[in-house]
Number of protein chains: 4
Amino acid sequence: MGNGSPLPLTPRKSPRQGRSIATVDAIFEATIQVLASDGLIRLNTTRVARRAGVSVGTLYQYFANKQALLFAVLERHLAVLAGAIEDACGDNPLVMVETVAEAVVMAYLRAQMAQAELSPTLYRIALELDARGLIDLTVRRSARAIEATLSSAIDGGFADPGLLAQTLAAALYGTVPAFCHRVLSPADGIEAQRQLTIMFRSYLLAHQRP
Amino acid sequence: MGNGSPLPLTPRKSPRQGRSIATVDAIFEATIQVLASDGLIRLNTTRVARRAGVSVGTLYQYFANKQALLFAVLERHLAVLAGAIEDACGDNPLVMVETVAEAVVMAYLRAQMAQAELSPTLYRIALELDARGLIDLTVRRSARAIEATLSSAIDGGFADPGLLAQTLAAALYGTVPAFCHRVLSPADGIEAQRQLTIMFRSYLLAHQRP
Amino acid sequence: MGNGSPLPLTPRKSPRQGRSIATVDAIFEATIQVLASDGLIRLNTTRVARRAGVSVGTLYQYFANKQALLFAVLERHLAVLAGAIEDACGDNPLVMVETVAEAVVMAYLRAQMAQAELSPTLYRIALELDARGLIDLTVRRSARAIEATLSSAIDGGFADPGLLAQTLAAALYGTVPAFCHRVLSPADGIEAQRQLTIMFRSYLLAHQRP
Amino acid sequence: MGNGSPLPLTPRKSPRQGRSIATVDAIFEATIQVLASDGLIRLNTTRVARRAGVSVGTLYQYFANKQALLFAVLERHLAVLAGAIEDACGDNPLVMVETVAEAVVMAYLRAQMAQAELSPTLYRIALELDARGLIDLTVRRSARAIEATLSSAIDGGFADPGLLAQTLAAALYGTVPAFCHRVLSPADGIEAQRQLTIMFRSYLLAHQRP
DNA sequence: GATGAATGAGTGTTCATTCAT
DNA sequence: GATGAATGAACACTCATTCAT
């Protein structure tokens with residue numbers, strides 16, 4: 001791989017033309033498929049290109065290197081998660097604090113489960129690429145959404161909603177994947193969701209009381 | 001790397017003689033140093049051996065694989081964490097539930113911080129090696145210790161202390177590393193510890209009330 | 001080497017384009033040269049590639065393994081031998097039994113001598129790769145050709161031409177290389193050929209008489 | 001391996017003392033066992049030493065090289081073969097030419113079959129070590145024995161018994177192993193023996209007639 | 001004499017990346 | 001723009017051999 005040097009994080013060309021967009025999408029899709037079926041270790045640019053039905057050369061026309069490709073995939077995944085949380089928060093303005101926790105946990109879990117196969121691999125990519133910056137950005141983005149909801153909660157009155165939101169977001173992005181690894185049966189998944197909801201709700205209430 | 005096949009998880013020979021023990025220790029230490037200074041990607045057996053002041057051959061005399069070596073390092077790290085939690089729990093029998101959360105979080109965080117540099121890398125190793133089994137074992141081991149403490153708590157009376165312990169352990173092993181990534185200043189670390197403690201304590205109390 | 005697993009016996013891609021064909025040929029030629037000049041033990045993929053004027057990577061683009069490469073060379077050699085025998089048999093339908101032996105021996109010997117330098121090494125490859133199957137196939141192929149000629153011989157009348165053909169083919173592929181080792185001067189070669197011819201002819205006549 | 005340099009062909013010390021002899025024998029036996037069970041490729045000095053119940057160091061006390069060890073094993077095997085032929089020839093002075101062929105073929109085949117498992121491997125060793133000299137010596141030794149018998153045959157009268165003996169010996173050492181590879185059922189073995197005997201006998205008679 | 005820990009050169013193989021066509 | 005053949009640095013791992021104990 002050879003990381004360490006400055007990363008070009010975005011596709012080389014903004015693909016405006018239809019053919020380009022289709023190609024880029026095919027490459028994205030192929031990457032995810034290879035990741036799911038062969039694993040990160042066996043993912044290599046040739047394989048991705050073949051699965052995408054293009055040549056390696058073409059792949060390199062759109063992504064400066066393997067890193068950039070993986071980074072882009074991670075970016076997409078995190079955007080989906082953050083979007084899910086924002087949707088959950090946006091849908092419920094003026095809610096009771098009681099329900100915030102549940103809504104957020106559910107939204108995140110649902111989004112994760114949708115790509116359950118991929119999620120651990122993506123976390124590995126995040127570490128491999130040292131993509132803390134990207135993750136931090138996403139966590140902060142989610143934290144902002146949560147903070148807004150907390151602030152507008154009917155029975156809010158938190159001293160420092162920002163801190164709470166940060167804590168929750170970090171716990172979410174950190175804990176849930178850990179739970180995902182472990183979850184096998186749907187029953188376990190439901191129980192996990194219940195416990196996480198309880199934990200988050202009681203955390204919020206603890207801060208609310210004073 | 002070449003994964004997929006059964007892993008020999010233990011050193012090839014039980015190093016009884018003094019020279020052997022010293023060699024194995026040197027290799028362990030070198031692995032951690034290389035991990036910290038060069039990162040997992042740039043870690044290769046030659047480099048580890050050189051840093052340990054031995055030859056590659058010697059390294060392979062004690063570890064069947066690169067995988068086995070990394071696995072062993074991970075094993076050690078997790079053992080330290082689990083030990084820290086057990087100590088914290090064992091030290092405080094008959095405590096108030098209030099203090100359990102704090103003790104556990106503090107113990108874990110302190111142990112993690114001691115190898116802060118290493119921790120993210122070790123989690124990556126865990127994924128790379130698909131060492132879920134090992135992690136699960138460790139989480140369960142910690143859960144058992146926590147459960148014991150919860151059960152013997154003066155003001156306990158939990159319906160299902162096992163479930164609580166499991167949740168806490170999973171959240172601990174999942175969340176704290178996520179926090180570690182983010183923590184830079186000691187001040188942040190202290191704040192993180194405070195919030196986690198609050199979260200865990202309120203989670204326990206929530207279950208206790210009914 | 002690392003044998004034991006299923007062998008991919010054919011080049012990875014069917015080299016249709018001119019450049020590819022040239023490359024594959026160069027690799028073949030280089031393998032033979034290295035085999036002749038350095039011996040099997042010192043043959044390694046790097047050396048072959050260098051001698052072929054290509055990079056190792058290119059070599060591995062056309063041959064999955066070192067094994068596959070050697071196997072292909074052996075395949076070629078055996079095909080030449082079998083072809084020589086078939087030609088000799090096909091050229092002489094309706095011959096006297098007397099001349100069959102001579103024709104076959106001469107054809108085989110000439111083909112062997114053409115690659116005299118290589119022949120012992122190739123037999124070693126055969127053992128190294130456990131290519132008995134391939135050799136058996138070749139021997140059988142030659143036996144079929146000999147049998148056909150024996151059956152169509154004017155003064156034939158053999159009870160079991162198949163058995164005779166098998167014996168001759170086996171003796172040929174087994175004995176001649178043994179002779180080749182020993183042969184140094186052309187004079188010796190001629191004498192060897194004479195004696196082998198006599199042996200084969202008298203063997204055939206012995207079966208014919210009854 | 002690194003061949004090409006002058007070979008020390010004999011054990012370093014002439015093992016006179018009982019313990020030494022036992023050790024050398026154990027190493028010999030171990031070598032053959034490893035050869036049979038693991039194959040030449042996986043034979044390495046450590047494994048041999050372990051199987052022999054001694055340390056590598058000890059092995060190297062008696063054999064200068066891996067080569068020397070293998071060479072010694074080959075030497076033993078060939079000595080057994082040559083001995084068998086000499087016995088067969090010596091047992092039958094003043095025989096009919098008719099029976100010489102049969103006796104020789106039978107003797108050789110019997111000796112080969114006794115170590116059938118090993119024989120192909122040994123031929124590979126011969127090539128690996130470039131032990132033509134040793135084989136030539138053995139073939140000549142057998143040729144001498146055969147020549148003596150031919151000369152003393154009642155109905156002999158060969159023009160050049162030496163040439164005949166050479167041819168037979170070469171055919172024997174060359175062909176029989178080739179047959180051995182192919183032979184599976186005892187029935188096949190018997191048929192092979194019959195055909196070889198016929199071939200050799202008719203060859204001798206062909207030379208006798210004029 | 002015996003031991004076995006240590007050595008390190010050597011080899012097969014992979015794969016990100018380039019560039020002539 | 002697209003192709004895919006070619007590159008070659010990099011790495012995991014083996015094993016004959018030595019030598020301090």
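Labels below follow one simple rule: chain letters A, B, ... track the order of the sequence lines, proteins then strands, and each chain is numbered from 1. Any value given below was found using the heavy atoms of this structure, including those in side chains, with hydrogens, waters and symmetry copies removed.
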task = May I have the distance from A/Gln61 (atom CD) to E/dT17 (atom P), rounded to whole angstrom?
result = 15 Å
ask   = Nearest nucleotide by nearest heavy atom, which residue falls closer to the 5' end of DNA chain F, B/Leu43 or C/Gly53?
value = C/Gly53
remark   = Of D/Val54 and C/Thr45, the one whose nearest nucleotide on DNA chain E sits closer to the 5' end is D/Val54
remark   = Against the side chain of B/Tyr60, the closest entry in F/dT14, E/dT14, E/dA16 is F/dT14
note = From the candidates F/dA6, E/dT17, E/dT11, the one with an atom nearest any side-chain atom of C/Tyr62 is F/dA6
note = Side-chain contact check for A/Ser55: nearest option of F/dT7, F/dG4, E/dA6 is F/dG4
task = Mind checking B/Leu69 for me? I need base, sugar-phosphate or nothing, with any heavy atom below 4.0 Å counting as a touch.
result = nothing
inquiry  = Rounded to whole Å, please give me the gap between CZ in C/Arg47 and P in E/dA9.
reply    = 16 Å
query = To the side chain of C/Lys66, which of E/dC15, E/dT13, F/dT7 is closest?
reply = E/dT13
message = With a 4.5 Å cut-off on side-chain heavy atoms, are D/Phe63 and D/Val24 touching?
response = yes
query = In whole Å, what is the span from the CG atom of D/Asp38 to the P atom of F/dC15?
reply = 11 Å
ask   = Would C/Asp25 and C/Arg76 count as a salt bridge (charged side-chain N to carboxylate O under 4.0 Å, His left out) if you check the C-alpha gap in whole Å, the side-chain angles of each, and the deciding distance to 0.1 Å?
value = CA-CA 12 Å; C/Asp25 279 347; C/Arg76 272 201 178 185; 3.5 Å; yes
query = Is the distance from OP1 or OP2 of F/dA6 to the nearest side-chain N or O of C/Thr23 less than 4.0 Å?
reply = yes
inquiry  = Do C/Leu35 and C/Ile125 have side chains that approach each other closer than 4.5 Å (heavy atoms only, starting at C-beta)?
reply    = yes
task = Have a look at A/Ser37 and tell me which of A/Arg42, A/Arg47, A/Arg51 forms a side-chain hydrogen bond (donor to acceptor under 3.5 Å, both in side chains) with it.
result = A/Arg51
ask   = Over how many whole Å does the gap from D/Arg50 atom CZ to E/dT3 atom P extend?
value = 14 Å
ask   = When the distance from CG of C/Leu59 to C1' of E/dT14 is rounded to whole Å, what number comes out?
value = 13 Å
query = Is there side-chain contact between A/Leu78 and A/Leu122, with at least one heavy-atom pair below 4.5 Å?
reply = no
message = Testing the basics here: between B/Asn65 and B/Tyr60, what is the closest heavy-atom pair and its distance to 0.1 Å?
response = CA-CE2, 4.3 Å
task = For D/Thr58 and for B/Gly57, find the nucleotide of DNA chain E with the closest heavy atom, then tell me which residue's nucleotide is more 5'.
result = D/Thr58
inquiry  = Looking only at the side chains, is there a donor atom on one of D/Tyr62 and D/Thr23 sitting less than 3.5 Å from an acceptor on the other?
reply    = no
remark   = Those stems involving DNA chain F that have three or more consecutive Watson-Crick or G-U pairs, both distances under 3.5 Å, are E:2-21 with F:2-21
request  = Using atom CG of B/Asn44 as one end and atom C1' of E/dT14 as the other, report the distance to the nearest whole Å.
outcome  = 15 Å
ask   = Where the side chain of C/Asn65 is defined as all heavy atoms beyond and including C-beta, which of F/dC15, F/dA12, E/dT13 is the nearest nucleotide?
value = E/dT13
ask   = Between B/Ile41 (CD1) and F/dA12 (P), how many Å, whole number?
value = 13 Å
Interatomic distance, C/Phe63 CZ vs E/dT14 P [rounded to whole Å] = 15 Å
query = Say you draw a straight line from CD1 of C/Ile27 to CD of C/Glu29; how long is it, rounded to the nearest 0.5 Å?
reply = 12.0 Å
ask   = Choosing from E/dT3, E/dG4, F/dA6, which nucleotide comes nearest the side chain of D/Val56?
value = E/dG4
